[in-house]
Amino acid sequence: MGTSEELRRIAMTPAARRALAAAGRLFYDRGIHAVGVDLIAAEAGVTKKTLYDRFGSKEQIVVEYLADRDERWRAFLAERLDAAPPAPRARIPVVFDASRAWMSDNGSKGCSMVNAHAEISDPAHPAHAVITGQKQWMLDLFTRLARDVEGLGPDVADRLGRTLMLLHEGALVAHGLKVFPDPVAHAREEAEALLDEATKR
């Protein structure tokens, strides 16, 4: 995600939180373009004027929806990484395990960032930086975890980080498409195989 200077956020009142919760459900289930401000207001039990007074625009509601989801995912993952074994080699599969658990509870339609990017490809849209920033954060995470694995040179670790990120993101897309059962578990197995191969060199 971008810096606080790059990304404007709003202070949340109780009414704004209700609106954000309603918008999050609707955007994820139906798509961002398909959901209007009137529907969000009705679902949240607030007036349309309240929405505009608090958020200013639908675009800002989208920013808050994606940023909130990203923040919750990062906290969810951090808890699991904090509880993971300290060995760097053991921490990478934990990311896949966390994604599998998250998808079970929060992601029947796949990755919210990928889904949003299908609708928001314009870099000038204020939510675009949230989407691309979240994916950059995931790449940085996998790269950092790979660099911590003993015996991997920097070039090998960086390449492994990119490959792990591709496995992870592909699994999230496959999960949303439901093309075969449990793609995140499959991606985890492939990640383990890649780690085994890389550490044998």
Side-chain angles (χ1 to χ4, degrees), residues 1-4 6-7 9 24-25 28 64-118 127-201:
M1 194 183 301
T3 65
S4 58
E6 295 168 338
L7 185 68
R9 301 292 302 279
R25 290 192 304 272
Y28 187 76
E64 298 297 335
Y65 152 63
L66 292 171
D68 175 71
R69 196 164 171 104
D70 181 32
E71 288 165 358
R72 289 189 292 112
W73 158 245
R74 294 191 197 200
F76 183 88
L77 178 56
E79 285 182 5
R80 280 145 186 82
L81 286 172
D82 288 346
R89 170 69 174 74
R91 293 168 65 77
I92 290 171
V94 170
V95 180
F96 291 87
D97 292 339
S99 284
R100 189 166 181 256
W102 173 271
M103 284 295 183
S104 175
D105 294 338
N106 303 282
S108 62
K109 292 180 179 281
C111 176
S112 57
M113 300 296 165
V114 171
N115 296 347
H117 190 260
H128 191 269
V130 184
I131 298 165
T132 56
Q134 200 274 341
K135 296 308 176 189
Q136 183 63 53
W137 184 82
M138 288 302 301
L139 174 59
D140 293 345
L141 171 67
F142 277 121
T143 302
R144 187 167 64 251
L145 291 173
R147 286 176 180 172
D148 287 342
V149 175
E150 188 176 355
L152 298 186
D155 291 344
V156 172
D158 289 354
R159 183 178 179 83
L160 178 60
R162 291 191 292 271
T163 304
L164 291 168
M165 194 261 196
L166 288 172
L167 269 175
H168 181 263
E169 296 304 311
L172 301 188
V173 171
H175 175 87
L177 293 172
K178 299 176 174 59
V179 290
F180 62 89
D182 212 349
V184 182
H186 180 76
R188 184 194 194 279
E189 291 174 5
E190 294 300 314
E192 291 265 36
L194 280 173
L195 285 163
D196 288 342
E197 182 181 348
T199 53
K200 285 175 185 174
R201 291 175 181 170

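Throughout, residue positions are numbered sequentially from 1 according to the sequence presented.
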Just to verify, what does [X] make a side chain to side chain donor-acceptor pair (under 3.5 Å) with, not counting sequence neighbours?
X: K135; answer: E169
X: R188; answer: D97, E192
X: R159; answer: none
X: H128; answer: none

Open item on the list: Tell me which pairs pass side chain to side chain donor-acceptor pair (under 3.5 Å) where either residue lies in residues 102-115, with sequence neighbours left out.
Closed with: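 As it turns out, the side chain to side chain donor-acceptor pair (under 3.5 Å) pairs with a partner in residues 102-115, which skip direct neighbours, are R69-S112.
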side-chain contact (heavy atoms from CB on, under 4.5 Å) involving [X] - partner list, sequence neighbours excluded:
X: A78; answer: none
X: A101; answer: F76
X: A127; answer: V62, V63, L66, I120, H125

- [ ] Looking only at non-hydrogen atoms, find the nearest pair between A98 and L77 and report the distance.
- [x] CB-CD1, 3.7 Å
Task: Nearest heavy atoms of M113 and Q134, plus distance in Å - done: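 It is CG-OE1, 3.8 Å.
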Which distance, rounded to the nearest 0.5 Å, do you find between the [atom1] of [X] and the [atom2] of [Y]?
X: L167; Y: E190; atom1: CG; atom2: CD; value: 6.5 Å
X: L194; Y: I92; atom1: CG; atom2: CD1; value: 9.5 Å
X: L164; Y: M138; atom1: CG; atom2: CE; value: 10.0 Å
X: H186; Y: F180; atom1: NE2; atom2: CZ; value: 5.5 Å

Open item on the list: Within a 6.0 Å radius of atom CZ on R100, are there more than 12 heavy atoms belonging to other residues, nucleotides or ligands?
Closed with: no
- [ ] Please collect all salt bridge (charged side-chain N to carboxylate O under 4.0 Å, His left out) contacts where either partner lies in residues 75-84, sequence neighbours excluded, each pair once.
- [x] none
Determine all donor-acceptor pairs shorter than 3.5 Å in which one atom belongs to a side chain in residues 141-154; sequence neighbours excluded.
from : atom 1 : to   : atom 2 : distance (Å)
T143 : OG1    : L139 : O      : 2.8
R147 : NE     : D158 : OD1    : 2.7
R147 : NH2    : D158 : OD1    : 2.9
R147 : NH2    : D158 : OD2    : 3.2

Open item on the list: With heavy-atom distances below 4.5 Å as the criterion, would you say the side chains of Q136 and D140 are in contact?
Closed with: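 Answer yes - side chains close enough.
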- [ ] Give a yes or no answer on whether the side chain of Y28 reaches the backbone of G110 with a donor-acceptor pair at less than 3.5 Å.
- [x]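 The answer is yes, because a donor-acceptor pair under 3.5 Å joins these two groups.
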